[in-house]
Amino acid sequence: MSLKIQQQENHCTIFTSQLPEAENWRQEEGLLQPQIDEQKALIVQMQQQVQLSNLLNQINNEIRSTLDIEEILTSACRLLGQVLQSSRASILVKESSTGNILVTRGEYNAGDYPIQLGMKVPIADNPHLEEVISQQESLAVTKFLDFPGLNPETKKIAEALEIKSMLAVATRYQGEVNGIIGLHQCDREREWTDWERQLVEGVASQLAIALNQAKLYRKTRRQAEQESLLRLIGNQIRSTLDLGTILQTAVREVRQLLQCDRVIIYQFEDNWQGKVVVEDMTVPWPSILGDMGADKCFRGDYATLYQQGRVKAINDIFNSGLEPCHVDFLDRLQVKANLIVPIITSRSEETSQSPAEISNLKPGRLWGLLIAHECRDTRNWQRQEMELLSQLADQMAIAIQQAGLYSQVREAAVKSQAQTQQLQAALQELRSAQQQLIQTEKMSGLGQMVAGIAHEINNANNFIHANLFHAKEYFKILNEAIEFCGKACPEAAEALVKINEELELDYVREDFGKLLNSMREGSGRIRSIVTTLRSFSRLDEAEFKAVDLHEGLDSSLLMLQNKLKTNIKIDKEYGSLPRVNCHAGQINQVFYNLIDNALDAIDSADKPGELTIRSWQSEPDWVAISVRDTGNGIPAEIQDKIFDPFFTTKPVGKGTGLGLSVCYQVIVQAHGGRIRCVSEVGGGTELIVELPLTN
C-alpha cells in the first residue's frame with residue numbers, strides 16, 4: 001500500500017516538474033497556428049485544383065473522343081453533378097446565335113426528380129437567365145423561388161422541377177454566349193462555395209469550346225444531310241414513278257433533318273381548299289392526314305403570292321401579325337410555328353428567253369404546299385432550312401409532273417389494252433356464236449332428220465299395225481272354215497289329214513297366232529321408239545311449255561344407244577318431279593350433251609363404269625338433274641374453265657369444246673337456272689343442273 005502511494009507521489013512530482021515546459025509548448029503552438037491553417041488551406045486548395053484539373057481532363061477526353069454533342073454534355077453533367085453532389089446538373093444550349101430560346105441538351109439526375117431534358121426555355125422574361133448571360137462570373141442562388149422578378153409561370157416550372165437552390169454560369173466562345181450550365185439542389189437549400197463556383201466556371205470555358213465545335217460539326221453535317229436528302233429524292237424520282245413513295249420519303253426525311261414535330265404536304269382542290277395527302281409526325285402530336293378542316297382565311301391573293309414562289313416562315317403564330325381566324329385554325333392543329341413552301345408544277349416557258357420576254361414567263365400551277373410544323377414551342381426558322389424546303393419542293397414538283405405524265409401514258413395504255421381485250425372478247429364471242437350456230441344447226445338438222453325418219457317409220461308401221469287385227473280375224477275365220485269342212489265332208493276330212501301330215505297344218509295353225517302376237521308387239525315397240533324420237537326433236541315445241549323432264553332424259557339415252565357398251569351400267573334414280581316450264585328442245589340438247597360427255601369419260605377410263613342419272617326437287621321452287629360418271633375426273637385447277645367456249649379436255653378431233661358451253665348458256669342464260677360441277681381426280685364427275693319451276 002505504501003509502495004503504491006509512493007509511486008503516485010513520484011508521478012505527481014514528475015508532472016509538476018514538467019508544467020513549465022507544457023506551458024511553453026502551448027505558447028509556441030499559438031504562434032504556429034496561423035501557419036498551420038494556411039498550410040491546411042493550401043492543401044485544400046491544391047486538392048481542389050487537382051479535382052478541377054481531373055474534371056477538366058475528363059471532359060476534354062470526352063470532347064476528343066466523340067463529336068456527339070449530346071454524349072459530351074450528358075457526360076459533363078454527370079461529372080459535375082457527382083463532384084458537387086447536386087440533385088440535378090443540366091446544360092442548356094442556344095438554338096441559334098440570334099435566337100432567344102435555350103434547349104436542355106444534357107442532364108444528370110441524382111434522384112427521382114423531374115426530368116428537364118429537352119425542355120425549351122426562353123431567355124426573355126426570365127431574370128435569372130438574363131443575369132447569368134449578362135455577367136462573366138457564375139450566379140449562385142440559395143433561395144431560388146425568392147429570386148427577384150420571377151414571373152408566375154417561371155415559378156410554376158421551378159416548383160414542378162423542385163428547384164430550391166441554383167448555381168449557373170454562361171458558356172462563352174469568343175465573347176458570344178452559346179449555352180448555360182445549371183446546377184440544381186432539390187432536396188434542400190444550399191449555400192454555394194467559392195470553390196464550387198470556380199469549378200463550374202472552369203468547366204464552362206471547356207464546354208464553350210465543345211459547343212462551338214459541335215455547332216460547326218452540326219452545320220457541316222446538316223449541309224451534308226441536306227445534300228444527301230436532295231440526292232435521295234432525285235434518285236427516287238429517277239428510279240421510281242410511284243409518287244406516294246417519293247412524297248412519303250421526302251416528308252419523313254425532312255422531319256428528321258429539321259427535328260420538327262410534323263411535316264405535311266397539302267394538296268389544293270377547288271376554291272383553294274384541299275387536304276393533307278402525306279404526313280410524318282412524332283408523338284404525342286395528333287395526325288391531321290386527310291381533311292384537316294377548311295382554312296377560311298386562305299384567300300386567292302395568298303395563292304397568287306405562293307404561286308409566285310413566296311416562302312413564309314412563322315416563328316410564333318401568336319406574334320406574327322396573322323389574322324385571328326388563321327391563328328385559331330393553326331391553334332386547333334396545335335401548331336406553334338410553321339414553315340410554308342409552295343409546290344409549283346407545270347412551269348411553261350416561252351421558247352424565246354430574251355430580256356424583253358422574260359417577263360412573259362407563264363406562272364406555274366400551285367399544286368400544293370410543303371409545310372413544317374413546330375407544335376411543342378415557337379421556333380426561329382433558319383435561312384438554310386427555308387432553302388432546303390424550297391429545293392425539295394422543286395424536286396417534288398418534278399416528281400408530280402412526271403407522275404402525271406406517267407399516269408396519262410398508263411391510262412392511255414390501259415384504254416388501249418381494254419380496247420384490245422374488248423376486240424378479243426368480241427372476236428371470241430363471234431367465234432363462239434358461229435360455232436354454236438353450227439352446233440345448233442347440227443342439232444336442228446338432227447332433230448329434223450329424226451322427226452322425218454320417225455314420221456316415215458310411223459307411216460309404214462301404221463299399215464302393219466292396223467292390218468294385224470284383220471289378219472288375226474282372217475286367220476280365225478280360216479281355222480273355223482277348215483274345221484267346218486272336215487266335219488261336213490268325210491272326203492275333205494281325209495284330205496285334211498293327209499295335208500296335215502305333209503304340211504304340218506296343225507303346227508302352222510298353232511304358231512300363226514303366236515306370230516301375229518309377236519308382230520303386234522314389235523309394231524307397238526316401233527310406235528314407242530317413234531314417240532321417243534319425236535319427243536327428242538320437239539320440233540313442234542318452239543316456245544316454253546310445261547314438260548316432263550324424265551321423257552327428255554329417256555329420249556336422250558335412246559339417241560345415244562349406240563354408245564352404250566356392255567361394260568357400262570345405267571342407273572336411273574328418278575324422283576317425283578312436277579312438270580317444268582322450259583324450252584323442251586333446248587333442255588333435251590343439254591341432257592344429250594351431259595350424257596354424251598359422261599359416256600366419253602367412262603370410255604376413256606378403260607374400265608367398266610356406271611352412269612347414274614338422278615332427279616329430285618332440291619328446293620320448293622327448284623328441281624335438279626344429276627348426271628354422274630365413274631370416269632377419271634376433272635382436276636380442280638381447270639374446273640372453272642369447263643364452261644368456257646372451246647375449252648375441252650378431249651384429244652384433238654374428239655371434241656369442239658362447245659358442249660358444256662351450250663349447256664351453260666341454255667340453263668343459266670336462257671332458263672335462269674344453275675349448273676355446277678363436282679369432280680375429283682380418280683373419283684369421277686357429277687354435273688348438276690337446277691331449273692326453276694316458274695320461268
Side-chain angles (χ1 to χ4, degrees), residues 95-96 101 103 118 120 218 221-237 240 242-268 274-293 295 298 306 309-317 320 322 326 329-345 366-400 403:
E95 284 192 325
S96 64
I101 300 295
V103 182
K120 292 184 178 182
R218 186 167 63 251
R221 186 178 64 179
R222 178 157 294 189
Q223 290 176 349
E225 289 174 345
Q226 290 177 2
E227 294 176 358
S228 176
L229 177 56
L230 291 173
R231 285 197 302 271
L232 173 64
I233 300 303
N235 291 336
Q236 279 207 340
I237 292 174
T240 180
D242 185 355
L243 182 60
T245 300
I246 296 173
L247 298 183
Q248 190 64 58
T249 301
V251 296
R252 182 182 67 247
E253 297 296 330
V254 167
R255 193 201 60 75
Q256 293 177 355
L257 184 61
L258 298 185
Q259 289 297 300
C260 56
D261 298 318
R262 186 193 292 127
V263 176
I264 66 172
I265 293 179
Y266 184 84
Q267 182 180 0
F268 287 112
K275 61 183 178 181
V276 177
V277 294
V278 185
E279 174 191 53
D280 190 80
M281 77 284 182
T282 58
V283 292
W285 311 113
S287 171
I288 59 174
L289 192 65
D291 186 4
M292 64 179 185
D295 183 3
F298 192 92
Y306 283 121
R310 180 181 75 165
V311 175
K312 188 172 182 61
I314 302 175
N315 298 332
D316 182 355
I317 66 168
S320 297
L322 300 177
H326 196 184
F329 174 74
L330 293 176
D331 190 34
R332 288 199 307 271
L333 302 180
Q334 302 184 25
V335 176
K336 298 291 190 301
N338 65 358
L339 177 58
I340 307 172
V341 176
I343 301 175
I344 303 172
T345 62
L366 182 59
W367 182 88
L369 300 173
L370 173 61
I371 308 174
H373 285 166
E374 193 71 26
C375 302
R376 193 179 305 273
D377 206 341
T378 59
R379 175 167 178 166
N380 292 322
W381 301 101
Q382 304 300 309
R383 179 174 296 276
Q384 61 267 25
E385 294 172 339
M386 302 178 194
E387 293 175 352
L388 171 64
L389 259 65
S390 296
Q391 293 174 350
L392 282 173
D394 291 340
Q395 296 277 19
M396 293 178 187
I398 294 173
I400 291 168

Please step through side-chain contact (heavy atoms from CB on, under 4.5 Å) for the pair Ile343 and Tyr266, ending with a clear verdict.
CA-CA 9 Å; Ile343 301 175; Tyr266 184 84; over 6 Å; no
Please assess Ile314 against Val335 for the test side-chain contact (heavy atoms from CB on, under 4.5 Å), listing each intermediate value before the final yes or no.
CA-CA 10 Å; Ile314 302 175; Val335 176; over 6 Å; no
Ile288 vs Arg262, side-chain contact (heavy atoms from CB on, under 4.5 Å): CA-CA, chis, key distance, verdict
CA-CA 10 Å; Ile288 59 174; Arg262 186 193 292 127; 3.8 Å; yes
I'd like to know whether Leu247 forms a side-chain contact (heavy atoms from CB on, under 4.5 Å) with Val251, so could you lay out the CA-CA distance, the side-chain angles of the two residues, the decisive distance to 0.1 Å, and finally the verdict.
CA-CA 6 Å; Leu247 298 183; Val251 296; 5.7 Å; no
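Considering CH2 of Trp367 and CE of Met396, their distance stands at 9.0 Å, rounded to 0.5 Å. Remark: Thr282 OG1 to Asp261 CG distance equals 4.5 Å, nearest 0.5 Å. The NE2 atom of His326 sits 8.5 Å away from atom CD1 of Ile317, with the distance rounded to the nearest 0.5 Å. Going from atom CD of Glu385 over to atom CZ of Arg379 covers 4.5 Å, rounded to the nearest 0.5 Å. Interatomic distance, CG of Asp394 versus CD1 of Ile344, reported as 8.0 Å (0.5 Å rounding). The distance from the CD atom of Glu374 to the CG atom of Asn380 is 10.5 Å, given to the nearest 0.5 Å.
For the side chain to side chain contact (heavy atoms under 4.5 Å, CB included) test, residues two or more places apart in sequence or in another chain that qualify with Glu387 are Arg383. Asp377 is linked by a side chain to side chain donor-acceptor pair (under 3.5 Å) to nothing, counting only residues two or more places apart in sequence or in another chain. Judged as a side chain to side chain contact (heavy atoms under 4.5 Å, CB included), and not counting sequence neighbours, the contacts of Ala372 are Leu258, Cys260, Val263, Leu339, Trp381, Leu389. Residues meeting the side chain to side chain donor-acceptor pair (under 3.5 Å) test with Ser287, sequence neighbours left out: Glu279. Residues that satisfy the side chain to side chain donor-acceptor pair (under 3.5 Å) test with Asn315, not counting sequence neighbours, are absent from this structure. Listed by chain and number, the residues in a side chain to side chain donor-acceptor pair (under 3.5 Å) with Arg376 amount to none (sequence neighbours excluded).
In this structure, the side chain of Gln267 does not engage the main chain of Ile265 through any donor-acceptor pair within 3.5 Å. A donor-acceptor pair under 3.5 Å is formed between the side chain of Gln259 and the backbone N or O of Gln256.
Looking at heavy atoms from C-beta onward, Leu392 lies out of side-chain contact with Val341 at the 4.5 angstrom threshold.
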